[in-house]
Amino acid sequence: MKVSLFITCLGDVFNADTGVHTVELLERLGCEIDFPRAQTCCGQPAFNSGYHKEAAEAAKHMIEAFEHAEYVVGISGSCVYMVHEYEGLFEEGSEWQIRARALKEKTYELTEFIVDVLGIEDVGAEYNGVATYHTSCHMTRLLGVKEAPFKLLRNVKGLQLIDLPNRSDCCGFGGTFAVKMNDISEQMVDEKVNHIKETEADTLIGADGSCLMNIGGRLSRREVPVKVMHIAEILNARGE
Amino acid sequence: MPMQISEQGFKNRVEQGIEDDFMRGAVRSAQERLQTNRAIAAEELGDWEDWRTLGQEIRSHTIEHLDYYLHLLSENVSKLGGHVFFAETAEEANQYIKDVAQKKNAKKIAKSKSMVTEEISMNQALEEIGCEVIETDLGEYILQIDDHDPPSHIVAPALHKNKSQIRDVFEEKLGYENTDKPEELALFAREKLRQEFLEADIGITGCNFAVAESGSIALVTNEGNARMVSALPKTQITVMGMERIVPGWEELDIVVSLLTRAAVGQKLTSYITALTGPKLEEEADGPEEFHLVIVDNGRSNILGTEFQEALHCIRCAACINVCPVYRHVGGHAYGSIYPGPIGAVLSPLLGGYDDYEELPYASSLCGACTEVCPVKIPLHEQLIMHRKNMAEEKRTLLAERLVMQSFGKAAESPALFNTATKMAPFLTAPLSKEGKISKGIGPLKNWTDSRDFPEPNRERFRDWFDKRERRKSKNA
Ligand code: SF4
């Protein structure tokens, strides 16, 4: 099965490791990886700030970059959701809208792809640690991927998973919100960090790099010794 | 603007909210209780999602045909002998109500809870002509005696106060001497209020839903005060926002079930009162004169726009009860009597962007509100639409518009994007220490004020991938 990797701009620049783990993991599961070089950013920062003309430009570019793909797999639920929203940026019935819809139909978030498309729940990973999982808002509520990460994590050997209290609360990232309304955002991420501390887990797992960057940044500022890992890294771990 | 509750700027209001530990404690525990109760009540129903869809359909049908149903309602109320007045503005509504009060020579007015009367500042208007207006909803009563502290929530207006603060207010203003047990506080208020009901010349109620097919007004309360307000005084005035209407009793049944479950997690509230016109000759109680004031105050401007769904709101406050932003800043920070997600959508629509331009940005767009709304209003999408309007009206900062324009260009051009991302580690290098950035500049400063920022990778993912491809083809 050929998979075109949607790395996301943050993933490309800040979390190259996550991309590496994703490639290794998917290859191990029998996929052939293609990386469309033309991909840039999904346009979400512009879209959420109300700049829909600019978001539509980004969308058109992404549609073209991935048009040849059989499956598109993204490593952030939020960016994948943005791709799913593209059709709303174009005129009803227009050619761009049709192309946007075609892209939506083949674009998946990583864990959803593994569970629903590949039909695999045990990827043969082993990670020795006590972890808690952060459910990202866009991935869970808007994209509707709720169970897949848990199904996969439950099968990771050596991993003890502890429920995060108030897990459906937003971590306070929200894109430009974190910068524009930083004082409110700080309260939100602080509350999240407190809940993580309550679990006494040594590892925080998430499936969205931007939330992890936010929570990780606060953990680091408050010097809380919790390791922050993208789910791709856990699923690619072989217990060494 | 009457809806406005503070003269201070948004930043100050947020800061005050964040620093108010008592308020935050009270809000946190109320939110937790209400959220859990709502979830249980929704679960209990079994097919909550189907109910939501039904609620959405009813509301959207009603608002699509609002003209028709308002006409039907007003015909039916008139037939019953009631008076109907359509007020286009807050001033018109207040003028009409004042006229009635003056004609009746009213001194004392007992009032049950109503957000629309807050919206039009009706109490103030009546006080200006010398009437005494008494709030009979416990929460509103507490705020009223506490020097008119504004409401911070649309269902539980005094949610920002904890019980010991309420006790102190009662002690200071009314000489209360007992403990802060909720039952004792409520008993005390009840005794005070009973006398007021008996003395009131006019009763004023809000309206949860008007039933078009019968000309009835349905009121949902837990304290029974609306029943007293509408049964004892000789004259009754009901003030309703023009969208608070359902076609018939069957629809009422559904929206009331959604309302009570979503609002407080109850199957039904203690009292659901339906009032149909003034007292008939053979009836024992009820008002002799009944006035229905239907308030537009900007609502018809929303009809037919991309914000029409905001008029579907049934004011259950479920969106407020799950909102993390509301939890940390409290209701007063919104500066409007309508706080939380629905307030951030509605306040700029009714009051304009000049006064409420920050509100649509006071959301991380986490979608918790959209998920719980019993009539499926896409609240977070409506917030984005406000942002879009403001960007198009060029209300946003020039710097932001320029960034977004160049963002659009970079996202469209792989070459530009490539250069920009390649430069990132070099541009940020002077700021980084030990693999992280703790003191940023420009917009990054707002981030690093509370969090560390990661250092961009020297080798981007695409560089790694390219290298690997080259290695592979060499080996092959
Ligand atoms: S927007 Fe929805 S959830 Fe919020 S108050 Fe209105 S009906 Fe309730």
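Each chain gets a letter, A, B and so on, in the order its sequence line appears, and its residues count up from 1.
Residue contact with chain B, scored on non-hydrogen atoms closer than 4.5 Å, is absent for A:Cys42. For A:Ile184, the parts lying under 4.5 angstrom from a heavy atom of chain B are both the backbone and the side chain. Within the 4.5 angstrom heavy-atom criterion, atoms from both the backbone and the side chain of B:Val325 approach chain A. Both the backbone and the side chain of A:Ile33 come within less than 4.5 Å of a heavy atom in chain B. For B:Glu469, the part lying near chain A is the side chain, with the backbone staying farther off; criterion is any non-hydrogen pair under 4.5 Å. When heavy atoms are compared at a cutoff of 4.5 Å, A:Glu191 approaches chain B solely by way of its side chain, counted from C-beta outward. Only the side chain of B:Lys436 comes within less than 4.5 Å of a heavy atom of chain A; its backbone N, CA, C and O stay farther away. Contacts of A:Asn166 with chain B are made by side-chain atoms alone, with heavy-atom separations under 4.5 Å and no backbone atom involved. Only the side chain of B:Glu32 has a heavy atom closer than 4.5 Å to any heavy atom of chain A.
Heavy-atom pairs under 4.5 Å with chain B were tallied for A:Thr18, A:Asp17, A:Ile7; the largest tally goes to A:Ile7. Chain A forms more heavy-atom pairs under 4.5 Å with one residue of B:Gly17, B:Pro324, B:Pro360 than with any other, namely B:Pro324. For chain B, the option among A:Ser78, A:Pro45, A:Gly172 with the highest count of heavy-atom pairs below 4.5 Å is A:Pro45.
Taking NE2 of B:His328 as the reference point, atom CG of A:Asp190 lies at 8.5 Å (rounded to 0.5 Å). Between A:Ser49 atom OG and B:Arg401 atom CZ the span is 13.0 Å, to the nearest 0.5 Å. Atom CD of B:Gln35 sits about 6.5 Å away from atom CG of A:Asp169, to the nearest 0.5 Å.
Checked by atom type, the side-chain pair A:Asn48/B:Arg387 shows no donor-acceptor distance below 3.5 Å.
Looking at every heavy atom in both residues, A:Asp183 comes nearest to B:Ile18 through O-CD1, 3.6 Å. Residues A:Ala178 and B:Arg451 approach most closely at O-NH2, 3.1 Å, considering heavy atoms.
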Compile the donor-acceptor pairs under 3.5 Å between side chains in residues 50-58 of chain A and protein atoms, sequence neighbours left out, one pair per line.
from: A:Tyr51; atom 1: OH; to: B:Thr396; atom 2: OG1; distance (Å): 2.8
from: A:Tyr51; atom 1: OH; to: B:Glu400; atom 2: OE2; distance (Å): 2.8
from: A:His52; atom 1: NE2; to: A:Phe47; atom 2: O; distance (Å): 3.0

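Applying a 4.5 Å heavy-atom cutoff, the residues of residues 460-468 of chain B that approach chain A are B:Arg460, B:Phe461, B:Arg462, B:Trp464, B:Phe465, B:Asp466, B:Arg468. Proximity to chain B at a heavy-atom threshold of 4.5 Å picks out A:Gly217, A:Arg218, A:Ser220, A:Arg221 from residues 215-224 of chain A, in numerical order. Residues of residues 361-369 of chain B that come closer than 4.5 Å to chain A, counting heavy atoms only, are B:Tyr361, B:Ala362, B:Ser363, B:Ser364, B:Leu365, B:Cys366, B:Gly367, B:Ala368, ordered by residue number.
The backbone N or O of B:Trp447 lies less than 3.5 Å from no partner atom in the side chain of A:Asn182, so there is not a single donor-acceptor pair.
Residues A:Leu142 and B:His380 have side chains in contact (heavy-atom distance under 4.5 Å, counting atoms from C-beta outward). Considering only heavy atoms from C-beta on, A:Met181 stays 4.5 Å or farther from B:Asn446 through its side chain. Under the 4.5 Å side-chain criterion, counting only non-hydrogen atoms from C-beta, A:Val13 is in contact with B:Pro456.
Within a 6.0 Å sphere centred on CD of A:Glu91, other residues, nucleotides and ligands contribute 12 heavy atoms or fewer.
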